[in-house]
Amino acid sequence: TADHPPLHITDEAEACAAVLIACLRANELDSDEDNAAFYTTIKSRNIFLGYDAAALVATAAQYFEQAGSPAALIDAAIGAIREQTRLPLFYHCLDVMLADGIVTPRENEVFRYLKRKFKVEDELAWKALEVMVMKNKL
C-alpha cells in the first residue's frame, strides 16, 4: 500500500528467519507451529545464536504479514543474506518445507522461487530435494 514503505530487512538473522517463515507458510497442510524442523533450525544454527528464538519468530511472522506473500518476503530479505549463507539456508528451507514429507504446489512454487533468487544450480537443488525427501522418510 502507498502508506507503507516497501519492506526491507537489514539484519541477516532476521532475514534468514523471514525466509524460513516464508517456506513454513507455503505449506497449506499443517499448522506452522507444529514444524519441528523450523524451530530446531531457529534454535540451533550459528546465525541465530544470541537471538531469542521466540522473538525472532515473532519478528519474522510480522514481516510475513507486511510482505503478504512468501515471494515478497524473500525479496525483502535477500539483500541482507550474505552469499555464503544462501546455500545452507536453502537446505534449511527444504527441510522446513519437506518436514511433513509432502511437497504442496505452493511449496513447489516457493522452492523454484528460492532456487532462482539464491542462484542455486538446478542439479544441486533437485539433488538436495531428493536427499531431504529421503531423510524425512526415516
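On a predicted model such as this, the values are computed, not experimentally measured, just so you know.
Considering CD1 of I21 and CG of L73, their distance stands at 8.0 Å, rounded to 0.5 Å. Here the CD1-CG distance, from I47 to L89, works out to 8.0 Å after rounding to the nearest 0.5 Å.
For the salt bridge (charged side-chain N to carboxylate O under 4.0 Å, His left out) test, no residue two or more places apart in sequence or in another chain qualifies with E14. Qualifying salt bridge (charged side-chain N to carboxylate O under 4.0 Å, His left out) partners for E123, counting only residues two or more places apart in sequence or in other chains: K127.
Formation of a donor-acceptor pair under 3.5 Å by the R86 side chain with backbone atoms of V120 is not found in this model. At least one donor-acceptor pair under 3.5 Å links the side chain of E12 to the backbone N or O of R82.
Closest heavy-atom contact between F64 and P70: CE1-N, 3.7 Å. Taking both residues in full, the closest heavy atoms of R25 and R106 are given as O-NH1, 3.5 Å, listed atom of the first, atom of the second, then distance. Pairing each heavy atom of A37 with each of D95, the nearest pair is CB-O, 3.9 Å.
W126 and F118 fall within a single hydrophobic cluster, where Ile, Leu, Val, Met, Phe, Trp and Tyr side chains are chained together by heavy-atom contacts under 4.5 Å. Linking ILVMFWY residues whenever their side-chain heavy atoms come closer than 4.5 Å, directly or via other members, leaves L94 and V131 in distinct clusters.
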Stepwise side-chain contact (heavy atoms from CB on, under 4.5 Å) check, K115 with D122: CA-CA 8 Å; K115 184 168 70 74; D122 278 353; 2.3 Å; yes
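Applying the 6.0 Å contact sphere to CD of E121 captures no more than 12 heavy atoms from other residues, nucleotides or ligands.
Residues N108 and R112 meet the side-chain proximity criterion, which asks for heavy atoms closer than 4.5 Å. I74 has its side chain within reach of L114: a pair of non-hydrogen atoms, C-beta onward, lies under 4.5 Å apart.
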